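All figures in this text were calculated on a predicted structure; none of them were measured in a lab.
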Amino acid sequence: MKSEVRSMKSDVPGSVDVQLGAESVIDPGVLLGYPSGRAGVIGRTRIGRAARIRAGTIIYAAVDIGEDFETGHHAVVREENKIGRHCTLWNNSTIDYACVIGDRVKIHCNVYVAQFTILEDDVFLAPGVTIANDPHPICTKCMQGPTIKKGARIGVNVTLLPLITIGENALVGAGSVVTADVPAGMFAAGNPARVMGPVDSLECPFGIVIPYVDGVDVRRRPEWTDVPALTRPITKPLKHR
């Protein structure tokens with residue numbers, strides 16, 4: 001359904017009012033303003049204009065979301081989250097409560113973002129990323145997720161431990177377990193992850209793009225529009241000896 005700014009909420013008892021921006025499309029089976037199970041959580045939920053919220057999504061009370069927010073199916077946004085503009089949250093992913101998320105953040109499928117995590121602008125979390133926030137479970141007294149700085153990219157099935165910082169434009173390789181800070185502009189991988197070198201040293205296996213310049217990925221640079229995609233299916237090139 002499409003309309004101008006309007007108020008709405010789910011029919012679940014205790015749900016809060018939701019301010020929904022113009023040009024938003026909400027599927028059937030979405031719950032907005034869902035009540036928190038935590039005592040003392042109050043306040044309406046606001047979702048900016050041009051949202052696209054797909055079936056099975058649940059967005060809790062006291063959430064503030066900027067314009068052009070898009071979810072896949074069965075995404076969950078817990079209470080007291082602040083999410084910026086042009087963000088995506090794909091299928092079966094959860095943002096737990098009290099996180100701060102910047103603009104243009106992309107969270108792929110089956111991702112768990114733990115409470116008190118900070119994701120700055122242009123962060124990318126690949127499928128299966130898991131974020132931890134409690135140094136000695138299940139105390140919670142010093143619970144704090146990692147801080148992922150602007151433009152950092154986290155690969156498939158990475159685990160990030162509490163309280164660490166992933167630096168601006170850094171890259172974490174698939175399957176890594178990150179136990180310590182990763183400096184800005186560096187590539188880290190392994191279990192435990194260790195710094196392998198600068199992000200700018202990584203090469204495209206086909207030589208058709210320069211993946212990173214000054215830590216900035218090619219998709220955020222003008223040449224992205226100049227290079228056509230390869231014809232699929234693509235065959236992995238043989239490694240040079």
Suppose the criterion is salt bridge (Lys or Arg N to Asp or Glu O under 4.0 Å): which pairs have a residue in [range], not counting sequence neighbours?
{"range": "residues 122-132", "answer": "Arg104-Asp122"}
{"range": "residues 123-142", "answer": "none"}
{"range": "residues 222-233", "answer": "Arg221-Glu223"}

Is there a donor-acceptor contact under 3.5 Å from the side chain of Ser93 to the main chain of His108?
yes
With a 3.5 Å distance limit and no angle check, can you tell me whether Asp121 reaches the backbone of Asp103 through a side-chain donor-acceptor pair?
yes
Nearest non-hydrogen partners of Pro35 and Pro13, listed with the distance
CG-O, 3.5 Å
Can you see which heavy atom on Ser24 is nearest to which on Gly48, and at what distance?
OG-O, 3.6 Å
Residue pairs passing the side-chain hydrogen bond (donor to acceptor under 3.5 Å, both in side chains) test with at least one member in residues 152-165, sequence neighbours excluded, are Arg153-Asp217
With a 6.0 Å cut-off (strictly less than), is the heavy-atom count around [atom1] of [X], excluding the residue itself, greater than 12?
{"X": "Ile210", "atom1": "CD1", "value": "no"}
{"X": "Leu230", "atom1": "CG", "value": "yes"}
{"X": "Tyr34", "atom1": "OH", "value": "no"}

Only one of Arg220, Lys150, Lys149 passes side chain to side chain donor-acceptor pair (under 3.5 Å) with Asn169, and that residue is Arg220
Tyr112 pairs by side chain to side chain donor-acceptor pair (under 3.5 Å) with which of Thr130, Thr94, Asp96?
Asp96
Applying side-chain hydrogen bond (donor to acceptor under 3.5 Å, both in side chains), can you list everything that pairs with Asp68, at least two apart in sequence or on another chain?
His86
Please enumerate all residues that pass ring pair (Phe, Tyr, Trp, His ring centres under 6.0 Å) together with Tyr97, with sequence neighbours excluded.
Phe116
With side chain to side chain contact (heavy atoms under 4.5 Å, CB included) as the test, would you mind laying out the steps for Phe69 and Leu89 before giving the verdict?
CA-CA 8 Å; Phe69 179 63; Leu89 179 68; 4.2 Å; yes
